[in-house]
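Take a look at the structure below.
Every chain is numbered from 1, with letters handed out A, B, ... down the list of sequences.
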Amino acid sequence: MNKRKELIVSAISNGTVIDHIPAESVFQVFKMLELDKTNHQVYFGTNLQSKKYGRKGIIKISDTYYKDEVINKIALVAPTATLIEIRDYEVFSKVSVSIPKTIEGIAKCFNPNCVTNKEDVKTKFEVLTDETGNLKLACHYCEKTTTKNNMVFF
Amino acid sequence: MKNRSLVSINDYSKEEIIRILDLAEEFEKQPHQNLLNGRVIASLFFEPSTRTRLSFETAIQQLGGNVIGFASAASTSVSKGESLKDTILMVSNYSDLIVMRHPVEGSARYASEVSAVPIINAGDGANQHPTQCLLDLYSIRKTQGTLDNLDVTFVGDLKYGRTVHSNVIALSKFNTKFHLVSPPELKLPSAVKRHIKEANLSYEQYTDFLEVIPKSDIIYMTRIQRERFPDPLEYEKVKNAYILENAMLDNSRDNVKILHPLPRVNEISTDVDSNPKAYYFQQALNGVFVRQALIATIMGVK
Ligand SMILES: [Zn+2]
C-alpha cells in the first residue's frame, strides 16, 4: 500500500485497519463491530478511490484486535475486506476476511413468524451461497432462507 | 434415538426412519402394549389441532402412558404472556417427554434446546410436521411394499405445503422420481429442490395434472388455498385445475394410491372415496402406529 494514500485517513500506532470495505457497507461494518460503543479512537473514511473496487471504505480502530469469528462476521456485508493488524506503526499481519459457516446473533430472520422474532431467542444461521454466488442465511430455527436483499443486521 | 428430540424430518437418517417404520408395523399388529407403565407425557397444543392431538393421545394411551397438557393456549398461562421457555421448563418438570404443536415457526427447535426432556414436534407453524411425514412414508411403504425407486407425484400447493416439503426431503433418501404438479405461482421452492439435487435425483414439473397420472405410483394431493394468491382472479383460474375425479384414474397404474394429509375440501372429489386406489382415510389411521413407534423409541422402551 502506498504510504501517501494510507495517510488519507490518519495512521494508528497500534490496532486494526479494515480496508477494501465496499463503500456502501462501511456503516454496517461499523455497527457490527459495535464501534459506537468503543472507548478507543476510531477513524473511518468512505468513498475513497480504489483501483480494484471502485469506491471503497476504510476503518481504523486503535488498540483493538479482533478474533477471527468476530472479523468473519463482516464478510457477510464486506466480502472483499482485508484486515490489517498494526503493531508499533508496522503491518504485523494482513488477512482477507472469510465467510463463516454459521453466524449467531448478527442478522435478523426475515420470517416474521419465526420464533427468533417472537420470543427472546438469539438468531442462528447457516451461511449458504446461491447459484449466482450471493450469500443467503438458512435459519436454524424456522428453516427459512433469508436472501441478500432481505438481510437486516442487528 | 433414545432421549433425542424429533423436530424436523432432517433430524433422522434413512436408517432411523426405517427403524421407526419397522416398529410401527409391530404396533399395527399389536397396538396395546403397556410399555410406558404410567409414565407421564405432556401434550402441549398451543394451537388447536384435534386430529393430530387425538392421534398422539391415543398412541400414548395404547402404550399405557398418562397424558397431561392442554388442547389450546387460551386457558393457560401462555395467554397471560408467559414465555415459551418458561412454559417448557415448567412442563418438563412434570413429564418424561413433551409433544408440542405451536403456531410459531422454529418454536419446537427452540423448545428442544431449553427443555430437559425430549420434544416431539407436532407441527410448528408452516415449518415442520415430522410425524405427518413418517405416517406418509409408512403409508407409501405399506401400499407399495417398498420406499425405493417409486414415481411419486405431488399435486397442488407445493410452495407453502409443509407436508410436501418434508416428504420430498425424506423421499430424497430413497431414490424417488419426483413429479411436481402445481400452478406456476405455487411451485416447489428451490430450498427444497436442493435436497433432490444433492441426492442426484431428478424431478419434472408440470402444470397439467392429467398427463402425470399414468406415470405415478403415489399421487399426493394437497389443497390450494385462496389466501395464497394476491390476485383473486389468479386463484379462480387455477382452483379447478388440480381436482382429482374418479374418471381421471382410468389410465392409472394398478398399484397407484391416492394420499392426502386431510382435511380435504374439494381437491379430491367424493366419487374417488370408494375407489380402492383411495388411501387417505387409512393413511390417517397409520399415524397412531407411527407415533407409538416414535414415542416408544424416544422413551427407550423399544
Ligand atoms: Zn427463522
When the 4.5 angstrom heavy-atom criterion is applied to B:Pro189 and chain A, the contacting part is neither
Notebook entry, point to check: Do the charged groups of B:Glu204 and B:Lys177 touch, with an N to O distance under 4.0 Å?
Noted result: yes
Honestly, the part of A:Asp120 sitting under 4.5 Å from a heavy atom of chain B is backbone
Applying a strict 4.5 Å limit to non-hydrogen atoms, the region of A:Asn111 in contact with chain B is side chain
Check: Using the ring of each side chain (for Trp, its six-membered ring), is B:Tyr206 parallel, tilted or perpendicular to B:His179, with breaks at 30° and 60°?
Finding: tilted
Under 4.5 Å to a heavy atom of chain B? For A:Lys136 that would be neither
Legend entry - A:Glu34 and A:Lys37 ion-paired at < 4.0 Å: yes
| task | Indicate yes or no: does B:Lys85 engage A:Glu119 in a salt bridge with an N to O separation below 4.0 Å. | result | no
